[in-house]
Structure formats: structure tokens, C-alpha cells
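The structure under discussion appears below in the form of C-alpha cells.
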Amino acid sequence: MKKRSNSTLTTFTALFCILFLYVPLLSIAVFSVNASKNGLIWTGFTLDWYMKLFANKYIQRAALNTLFLAVVSTAASTFLGTLSAIGLYRHPWPKPVKRFLDMLMHLPVITPDIVFAVALILVFSLLRTFTGLFEMSMFTMIIGHITFQIAFVALVVYSRLEIIGFDIEEAAYDLYADYKRMLSKVLMPMLIPGIMAGAMLAFTLSLDDFVISFFTAGPKSTTLPLFIYASLRRGVSPEIHALSTIIMLVTVVSVLSIQKVIGTEKAATLIG
């Protein structure tokens with residue numbers, strides 16, 4: 001009887017958490033097709049807000065800036081984060097040095113975004129003083145995003161390396177594979193799920209980042225989170241609901257696609 005009661009409580013708690021998380025998101029999607037411009041009263045179904053959204057040149061520019069920022073920063077951080085994870089895991093570091101490097105790798109993850117953003121402003125200000133470069137623009141935003149994305153990618157890839165271990169690498173050497181062949185034929189194929197998971201995490205973090213983007217953006221590098229923030233100061237409009245719904249759908253589709261690819265890669269690794 002006690003076991004059944006605990007099971008019911010756990011189920012109820014899980015359902016409550018799911019509703020608490022997803023009901024607001026679903027309500028935004030509903031408001032995006034509501035014919036009423038103001039208020040919460042349903043007055044009919046319409047797609048006019050989406051049509052107006054796609055015709056808004058400022059939103060189009062912000063969307064292009066957001067995608068460009070996310071793609072470039074994700075590509076760079078995935079490459080650097082993967083190399084960092086491999087170097088940290090494979091190199092025989094002394095224990096004190098390895099503990100210090102582990103701390104450095106976790107530090108950007110636990111540091112508040114506002115602290116990170118202020119530090120970036122100070123760095124860019126110093127660089128601008130000595131070089132005359134690094135004016136706030138898309139370039140500084142890309143650098144800012146890369147600096148915090150690297151840590152997330154490195155942690156995901158490092159976890160994957162710990163799962164793989166050294167046994168497969170030693171088995172490859174026992175079968176007369178050199179380092180290059182072991183890396184390209186054995187290690188990298190098994191790392192692909194971790195690399196893609198880290199890249200997906202970095203991409204989604206870049207898409208919805210506001211604090212670092214706000215502090216490092218230039219006058220012509222407005223992203224969708226910055227545009228939404230500026231629009232909310234004038235009141236919530238159905239166009240913002242439509243924009244938020246599209247961002248949510250893109251995120252969901254990206255996650256499902258990456259999960260499918262990761263599953264395929266795992267199967268290919270097992271077959272190989």
C-alpha cells in the first residue's frame with residue numbers, strides 16, 4: 001500500500017512538472033493564432049500575425065543575425081571544445097594540473113552570465129585601447145559566444161571519452177593501427193554522438209542567449225532575443241507570440257533531428 005502511494009505521488013509530481021513547463025509554451029502558440037490583438041479572449045483563428053511577422057524586415061534581419069551568430073560560434077566552439085576535451089583526457093597530466101584544468105573547464109559553466117558579460121566588456125575595451133579594433137559588433141558577439149560555448153562542448157565530449165575509455169584504443173594498437181588510423185577509424189567515429197550533442201547544446205545556448213549578446217552587440221547586430229526584449233518594452237504583441245512559437249518549433253525539430261542522427265551513429269558504431 002505504501003509502495004503504491006509513493007508511486008502515485010511520483011506520477012502526480014512528474015505530471016505537475018510537465019504541465020508547469022509546457023503549458024506556458026503551448027499558451028504562447030495558441031495566442032499566436034488568436035485573432036484578438038490584445039487580451040486573453042479567443043476571438044477566432046488567424047495566421048495574420050505570422051504573415052506580418054514574415055513581412056517585417058527588422059525581424060528578418062534579426063533572424064539572419066541570430067542564425068549566423070549561432071552557426072559560426074557553434075562551429076568554432078565545437079572544434080576547439082573537442083580538441084580541449086581530447087587534450088585534457090588523453091594527455092598524462094600531473095594530478096594537481098589536471099584538477100586545475102578541470103576547474104577551468106567548469107568555471108564558464110557555473111559563472112553567472114552577467115559576470116561573464118562584464119568581463120568581456122573589459123577585455124574588449126582593453127583590446128580596443130591598444131589596437132583600435134574590437135568595436136562592439138557581430139565579431140565581438142561571436143567571440144563572446146565562443147568563450148562560454150567551448151566549456152559546454154568540452155564537458156560533453158569529455159564525458160563521452162570517459163565512457164569510451166582506453167581499452168578500445170589499446171585494442172586498435174594491438175591490431176597494428178597507427179595513431180592516425182586509430183584516431184580517424186576508431187576514436188572519432190565513437191566520439192561523433194558526443195560531438196554532435198555538444199554542438200547541439202552550444203547551438204541552442206547561442207540561439208536563446210540574451211545577457212552576453214546584450215553586452216557585446218553592436219548597433220547593426222541585433223539578434224532575436226534582443227529584438228524580443230526591445231519589443232516587450234512596448235507591450236506584448238501577437239507577432240512576438242508567433243516569433244516565439246517559431247523559435248520553439250525550430251528548437252524542438254533540431255533536438256529531434258540530432259537525437260535521430262545520434263541514434264544512427266551509435267548503431268553504425270556497433271555494426272562497425
Side-chain angles (χ1 to χ4, degrees), residues 1-34 36 39-42 45 49-50 66 70 74 77-78 81 85 102 105-114 116 145 148-149 151-165 190-212 224-225 228-229 232 236 238 240-270:
M1 185 70 181
K2 184 177 180 181
K3 183 177 180 180
R4 181 179 300 178
S5 176
N6 292 336
S7 177
T8 303
L9 179 62
T10 302
T11 303
F12 176 79
T13 304
L15 290 175
F16 175 78
C17 292
I18 292 174
L19 291 175
F20 183 79
L21 288 173
Y22 290 103
V23 166
L25 298 177
L26 293 176
S27 64
I28 290 177
V30 172
F31 292 150
S32 69
V33 294
N34 185 9
S36 176
L40 303 178
I41 300 176
W42 178 263
F45 179 86
W49 310 123
Y50 287 90
T66 303
T74 297
S77 61
T78 300
D102 285 338
M105 188 168 62
H106 284 81
L107 193 59
V109 177
I110 62 177
T111 302
D113 286 349
I114 187 65
F116 219 84
H145 280 223
F148 75 84
Q149 287 174 314
F152 288 93
V153 175
L155 288 173
V156 174
V157 176
Y158 189 89
S159 299
R160 181 67 179 172
L161 285 168
E162 286 188 324
I163 294 174
I164 296 173
M190 298 188 70
L191 271 182
I192 285 177
I195 294 173
M196 295 191 68
M200 179 190 69
L201 179 59
F203 185 79
T204 54
L205 288 171
S206 177
L207 280 182
D208 62 7
D209 177 77
F210 172 77
V211 176
I212 293 178
L224 287 176
I228 293 174
Y229 172 75
L232 289 177
V236 181
I240 299 301
H241 293 150
L243 178 59
S244 302
T245 302
I246 292 175
I247 295 175
M248 179 176 62
L249 290 176
V250 169
T251 304
V252 171
V253 171
S254 300
V255 171
L256 293 178
S257 300
I258 292 296
Q259 286 181 343
K260 184 177 180 180
V261 172
I262 290 176
T264 303
E265 292 294 341
K266 285 182 178 179
T269 301
L270 292 175

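Index from 1, following the sequence. These numbers were taken from a predicted model, which means no experiment stands behind them.
Side-chain contact between Ser77 and His145 is absent, with no heavy-atom pair separated by less than 4.5 Å. Contact of the Asp209 side chain with the Leu205 side chain is not registered, since no non-hydrogen atoms from C-beta on lie closer than 4.5 Å. Taking the side chain as every heavy atom from C-beta outward, Leu207 and Ile247 never approach each other to under 4.5 Å.
When all heavy atoms of Ile228 and Ser244 are compared, the closest pair comes out as CD1-OG, 4.3 Å. Looking at every heavy atom in both residues, His241 comes nearest to Phe31 through ND1-CB, 3.3 Å. Contact record, Val109 with Phe152: CG1-CE2, 3.9 Å, taken as the closest heavy-atom pair.
With rounding to the nearest 0.5 angstrom, the CD1 atom of Ile28 is 6.5 Å from the OG1 atom of Thr245. With rounding to the nearest 0.5 Å, the separation of CD1 in Ile114 from CD1 in Ile212 is 9.5 Å. For the atom pair CZ of Phe148 and OG1 of Thr111, the computed distance is 12.5 Å after rounding to the nearest 0.5 Å. With rounding to the nearest 0.5 Å, the separation of CG in Leu21 from CG in Leu26 is 11.0 Å. Rounding to the nearest 0.5 angstrom, the gap separating the CE atom in Met248 from the CG atom in Leu25 is 5.5 Å.
A distance-only check finds no donor-acceptor pair linking the side chain of Arg160 to the backbone of Ile192 [under 3.5 Å].
Residue pairs meeting the side chain to side chain donor-acceptor pair (under 3.5 Å) criterion with at least one member in residues 15-32, sequence neighbours excluded: Ser32-Tyr50.
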Check: residues 194-202 side-chain donor-acceptor pairs under 3.5 Å, at least two apart:
none

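The aromatic rings of Phe210 and Tyr229 lie tilted to each other, with the angle between the two planes from 30° to 60°. Using cut-offs of 30° and 60° on the angle between ring planes, the pair Phe20 and Phe16 is parallel.
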